[in-house]
Protein chains: 6
Amino acid sequence: MARPSGRQPDELRFVELIINPNKYAEGSCLIKCGDTHVLCTATVEDKVPVWVKNTGQGWITAEYGMLPRATGVRTDREAKKGQSGRTQEIQRLIGRALRAGADLRALDGFCIKIDCDVLQADGGTRTASVTGGFVALYLACQYLKKAEKIKKFPITQMVAAVSCGIVQGVPVLDLDYMEDSNAGTDSNFVMTSNDMLIEIQGTAEHGAFSSPELTALMTLAQKGIRELIEKQKTALKIE
Amino acid sequence: MARPSGRQPDELRFVELIINPNKYAEGSCLIKCGDTHVLCTATVEDKVPVWVKNTGQGWITAEYGMLPRATGVRTDREAKKGQSGRTQEIQRLIGRALRAGADLRALDGFCIKIDCDVLQADGGTRTASVTGGFVALYLACQYLKKAEKIKKFPITQMVAAVSCGIVQGVPVLDLDYMEDSNAGTDSNFVMTSNDMLIEIQGTAEHGAFSSPELTALMTLAQKGIRELIEKQKTALKIE
Amino acid sequence: MARPSGRQPDELRFVELIINPNKYAEGSCLIKCGDTHVLCTATVEDKVPVWVKNTGQGWITAEYGMLPRATGVRTDREAKKGQSGRTQEIQRLIGRALRAGADLRALDGFCIKIDCDVLQADGGTRTASVTGGFVALYLACQYLKKAEKIKKFPITQMVAAVSCGIVQGVPVLDLDYMEDSNAGTDSNFVMTSNDMLIEIQGTAEHGAFSSPELTALMTLAQKGIRELIEKQKTALKIE
Amino acid sequence: MARPSGRQPDELRFVELIINPNKYAEGSCLIKCGDTHVLCTATVEDKVPVWVKNTGQGWITAEYGMLPRATGVRTDREAKKGQSGRTQEIQRLIGRALRAGADLRALDGFCIKIDCDVLQADGGTRTASVTGGFVALYLACQYLKKAEKIKKFPITQMVAAVSCGIVQGVPVLDLDYMEDSNAGTDSNFVMTSNDMLIEIQGTAEHGAFSSPELTALMTLAQKGIRELIEKQKTALKIE
Amino acid sequence: MARPSGRQPDELRFVELIINPNKYAEGSCLIKCGDTHVLCTATVEDKVPVWVKNTGQGWITAEYGMLPRATGVRTDREAKKGQSGRTQEIQRLIGRALRAGADLRALDGFCIKIDCDVLQADGGTRTASVTGGFVALYLACQYLKKAEKIKKFPITQMVAAVSCGIVQGVPVLDLDYMEDSNAGTDSNFVMTSNDMLIEIQGTAEHGAFSSPELTALMTLAQKGIRELIEKQKTALKIE
Amino acid sequence: MARPSGRQPDELRFVELIINPNKYAEGSCLIKCGDTHVLCTATVEDKVPVWVKNTGQGWITAEYGMLPRATGVRTDREAKKGQSGRTQEIQRLIGRALRAGADLRALDGFCIKIDCDVLQADGGTRTASVTGGFVALYLACQYLKKAEKIKKFPITQMVAAVSCGIVQGVPVLDLDYMEDSNAGTDSNFVMTSNDMLIEIQGTAEHGAFSSPELTALMTLAQKGIRELIEKQKTALKIE
């Protein structure tokens, strides 16, 4: 089987992480995974949501949006119709994923909001948002530490995400839109730098999948996420 | 480790499936999994959503709601504030799960809506909705077949769901609310009668989980879902 | 004229009041009036609405909802479209009715919310909500008194409600859905244990009604409400 | 007991009905009942709501609004927060009342919308809306008949409305705002020119009321509505 | 070219300013510019918006609405669908215009809300709202000064507004609806008593306009606004 | 007076127009005016709004949005709270401006939607949206002509926009955010390649402005818009 892009089954798309493209945000990252482009900005606020008040913790949350013509067919602007269930599902996932990489106690009194806005979509926007959003979060934590607003650097481990799927019977890594549309199974993995799972979402769109198939996808995901975390480290200039 | 309910790690809660408690619906099921009670009703409509028109297929969809005092602390009525992201996420999951058990072509021209309303919640409301909702769907398909509105019986395999999690380091089956609140990891599995996965959602709320831990949870889930499918068959009086 | 149900003109439907079916609520009642089933739960909150703050009074309020397939034809979920005018009209009526049976000064600092959710509808859902909701309110007041959160028991008189109407020229008590659809006049009465009116809502859907006809309906209502109050007392095990 | 306005217990406020103050509407009436001023406009549309299509009938409906400073304390604009339950309850009442005075079959194919906008409120805005709105409806029917768009004049009887209440133990007619605030009981009556009831809404805000008290209020209402119908006829120049 | 109304190119419509038609408002004015009738009421509130708190200033704001049948074809009620972009644009303009005529520091601690509700529309409703709203504002300031709630009278200069346009090549003053529909260019001018511009909004609906044409419209506007300010002074009985 | 940026009073910011950065849109342009960056995409739809059906015309419309962290202080996402009045005002202006440069009859049957999304804001986002949006529109018209979906090229003249204002008494061209915040007067001009005005919006935020001052701003605007149109032509490679 040949992939439409000519990639090997276990090959990521070309990934680019542009640091601080936004002049106002406390941290920002433009991530390009092939033709999927997501602008991630981090905003530090010195007040926390009600449910973390007086718990000795800070908070990290995410919002997700897509420009109307990020897609082949224009989608209506959510500002006119409200956020869809899909959008809310995605931004809840991103928030959970990012929180898993930080010690919230080190952020006591602060809330970091990560906005992930898709400028162009070609599959895998939610996983790109996690990977790029984590870089923006890392930069915002550096900003807080450098400004001596917090004592301890809150990041405890790197976090990245990737999708895998079974296309025409073959497990492949990092699906683009064309593959995603034809995949029997589509799974999103969020993992840490020490190979631990934070989140797994697997859905059989056409036909179910077996337990060994899930294991095969997980192996692919591990490989891809290790590579993505290397790219995050290079962009952030950390060892 | 002793579970709060005294159950074994691989033991389901007491499950009861009451057939057709509603006098109007084309199929209905009140499912009780311990103290989690969900009323599932199936409505047959003879028109389909726009995106399945002229495709030779019918459609199955689900909606989910929770009575305000289904929970220990009253939650505001969604009729007053709109459906939350959590609600939309859950009803999309239920819909995907149910569709996986049916041949939509056999439903050409019909849409079956499954309403899952939680009367009382004690953990696992989304998986109970899948298991009970599938019974309501099955009954509605029997109604359609008996009334000779469709030619072929659309159900292709039984579908049920259960949650598993790691509580104090031990993988356990079918978490109740108290366990769910303390679980490091919470995973929902939707599977078919032939042990195939339809959907898996795993989230690490506190601490990540390894690949072998995921495998352990899956094994538990398989056992639980086989038992739930037996109970569905008994209630429906099928072999 | 024979009624569809075979009842006498002044005969109530079979009424059942199930006490505390909900494990969380401070008081709850499942009322069944024939095929009309309403689950009523009482929630005690220790804060009051703005307009009763610092007045030395507490508050009692009600909310009303209907499950989508409570009716012969499925109705859209209000969580998706907002509360209809009919719903708001009904829940305002229930609230006023319940407040009339209590001394709000004895509830100073507390708000009791009565949620009335119709599981199945066959006419008379708003009057069943008043009758069943009052039982839930009574139980919540007992809870507050027993927990010594209030000094004086707030209930001053029993409150129940019933509908009457003129069907094919004959005044009848407690209309079911089929009768309600054919009634020229439909009136709802809320009364107390000492035969006083709290609320009357009379509407001529087809043809107007005269003053003597209104008197005839009121006499029927008095008889029915006395019987309903007896049933409330039996269920609550009060004299 | 002296009424604040110096009126007799059975005395209406000064009523003025100004015909066609609006240059665009197919019929309009500015009604002044003391300091309560409501502008009623009738709009004829040549399409009917879905539920009357192909029934051989037309439709009459009403909408109600209040200018922000119609009241002593400014109320927020409903355009900013949506229609309240009270507004919806009132406009449903007005619509039912007006339909009772017309033969809808004579309006086949047409919908008449009556907009009742309160310019200044001093109690009794819903009953003034019915009385003034009926005049606007009458004028719109004359317009349709004169333009030969309908064959038969649809109005079958005159309809008007008034409120009564028990203030300091005395039944009084046509409450203004100060009386309304102090009334133990507040009832709205809609009646026809032949003394028949179309709608009665009685509420005990403070203390319940007995059956004889209701009869006393009804007698007052009858007297008041007869006078209002005389004023409608004079304004419309019909005998 | 003859104008439909027979007016000269530089002639205003007949203008009437009725002072304090509303019994509750702290100031009110019913302005009639030909068949355009706008009821303007001023409400004084003793709290200010968040963004002026602790700035030593008060605030002036405006809201705008139109009765459904103010127009030839009925428009849907904004209470049912929310405020349109046009409405928000207009009320923002009115607010800015009114604030330009007052010293906000003299209003410290107070917010004056001007409600402009169009009873009947025949072109120029936003400019009539500014001219009439300013009279209501003036009266409310007199009320505050007389009640000794403020020390200094806040009005610093008179403010009025008018529209001009180019109809069939001829610049004309104060367009009515028929002219407005046919104008190539439509401009709204807000000016002060000393001939200074506060706001200009010029739009070419059909064909663009040159710089000299803009100058010609401004000259017309100056003449009209001087006359309108004279009428404001006469109505307010100020020199 | 020195401008913060060191520019001359009549000097534009550095302008960059990047052609077709989006792979899906029928035309797109990323415009950078200093630190104001707006992504403009054109979508061609083959259906028109209701009000242009059967008029022999097509339509051009615009929508405007701002990413949450486009600004120094993060603004809430409009998808969560609905479009503000400011947003609606701006997108209506952009739409009117773009339509003025095209012959809508040449677009019969087509609607072109221009989405203007602000990635980073530093003053003048609405005028940058007009200038960049016009380039996207031009490209979409080229696409339609090349694909032979239309016969005549619809663009009749170039359209661009710029803001001017009076800062510390000096009229200056193309305000950035810091100047805009301090300007006494802020005016937006939309003009065509033949020096004609399409729209002018002038507002005195602090202090009014005279007729000669308006003329001075218009002269500056003319100069700036001529330069912007040259840049549009260079980017589009037209003479």
Side-chain angles (χ1 to χ4, degrees), chain C residues 61-64 81-97 99-101 103-104 156-159 166 184-219 221-222 225, chain D residues 61-64 81-97 99-101 103-104 156-159 166 184-219 221-222 225:
Chain C
T61 185
E63 294 192 7
Y64 171 93
K81 56 175 192 178
Q83 288 188 312
S84 69
R86 178 185 171 276
T87 291
Q88 295 187 61
E89 194 175 309
I90 290 175
Q91 65 193 14
R92 284 157 56 90
L93 164 65
I94 301 171
R96 283 194 307 268
R99 283 193 293 277
D103 179 355
L104 294 177
T156 53
Q157 53 195 342
M158 302 301 285
V159 172
I166 299 174
T185 300
D186 177 19
S187 293
N188 295 298
F189 294 84
V190 185
M191 298 180 79
T192 64
S193 30
N194 52 353
D195 277 355
M196 295 291 276
L197 278 158
I198 288 168
E199 181 112 9
I200 170 172
Q201 287 186 339
T203 302
E205 292 292 341
H206 310 290
F209 53 109
S210 66
S211 175
E213 282 173 328
L214 180 63
T215 305
L217 294 178
M218 201 175 331
T219 306
Q222 246 165 18
I225 285 173
Chain D
T61 185
E63 294 191 7
Y64 172 92
K81 54 172 192 178
Q83 288 188 311
S84 69
R86 178 184 172 276
T87 292
Q88 294 186 62
E89 192 175 310
I90 291 175
Q91 64 194 14
R92 284 157 55 93
L93 163 66
I94 302 171
R96 283 195 306 269
R99 283 193 293 277
D103 179 355
L104 294 176
T156 54
Q157 52 195 342
M158 301 303 285
V159 172
I166 298 175
T185 299
D186 176 20
S187 294
N188 295 297
F189 295 84
V190 184
M191 299 180 79
T192 63
S193 30
N194 51 355
D195 279 355
M196 295 291 276
L197 278 158
I198 288 169
E199 181 114 9
I200 170 171
Q201 287 186 338
T203 303
E205 292 291 342
H206 311 291
F209 54 109
S210 66
S211 175
E213 282 174 327
L214 180 62
T215 306
L217 294 179
M218 201 174 334
T219 307
Q222 244 165 18
I225 285 173

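Letters A, B, ... are given to chains in the order of the sequence lines, protein chains preceding strands, and every chain is numbered from 1.
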Interatomic spacing from CD in Gln201(D) to CG in Asn188(C) - rounded to 0.5 Å: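 The CG atom of Asn188(C) is 11.0 Å from CD of Gln201(D), to the nearest 0.5 Å.
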Nearest 0.5 angstrom please: Arg92(C) CZ to Gln88(D) CD, how far?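 With rounding to 0.5 Å, CZ (Arg92(C)) is 10.0 Å from CD (Gln88(D)).
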Which region of Ser84(D), side chain (C-beta onward) or backbone (N, CA, C, O), has a non-hydrogen atom less than 4.5 Å from a non-hydrogen atom of chain C, or is it both or neither?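 Looking at Ser84(D), just its backbone touches chain C.
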Does any heavy atom of chain C fall under 4.5 Å from the side chain of Arg99(D), the backbone, both, or neither of them?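 The answer is neither part of Arg99(D).
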How far apart are the closest heavy atoms of Ile198(C) and Phe209(D), and which atoms are they?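 Result for this residue pair: O-CE2, 4.0 Å.
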Contact summary for Ser211(C) and Met218(D), nearest pair of heavy atoms: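 That closest heavy-atom pairing would be OG-SD, 3.5 Å.
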Under 4.5 Å, counting heavy-atom pairs only, tell me which of Ala204(C), Gly85(C), Gly202(C), Ala208(C) racks up the most with chain D.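 Option with the greatest count: Gly202(C).
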Top residue by heavy-atom pair count (under 4.5 Å) with chain D, among Leu214(C), Thr192(C), Asp195(C)?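 Highest number of pairs under 4.5 Å: Leu214(C).
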